[in-house]
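Here's the structure we're looking at; comments come further down.
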Amino acid sequence: PSLFLRRNSGTFATSTINEFQIPLNNSHIVENDPSVFSVNNTEGRVTVLKNGIYLFSSTLSTSNLNGGSKKFYLKLFSNF
């Protein structure tokens, strides 16, 4: 099963000291198996509904990123 989310408009806020979530909701879903993944429509959180082994990845493309060193993190939280 796969979950693909795509956001292709809006402003990409940048900060050198603060972290922020990229707002994603149900309108950004390209493909989803809702029996496996649930997307929170207001916070951009994805809940995995079935036990298993999963691979998570992310890509980012933007045209308004300031020059210099940048760090990006894909954060995953587990509720056991």
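The shortest side-chain heavy-atom distance between Phe56 and Val48 falls under the 4.5 Å cut-off.
When the side chains of ILVMFWY residues are joined at heavy-atom separations under 4.5 Å, either directly or via intervening members, Tyr54 and Leu3 end up in a single hydrophobic cluster.
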Pair up each side-chain donor or acceptor in residues 29-36 with any protein partner under 3.5 Å, not counting sequence neighbours, and list the distances.
residue	atom	partner	partner atom	Å
Asn32	ND2	Phe37	O	3.3
Asp33	OD1	Ser35	N	3.1
Asp33	OD1	Ser35	OG	2.6

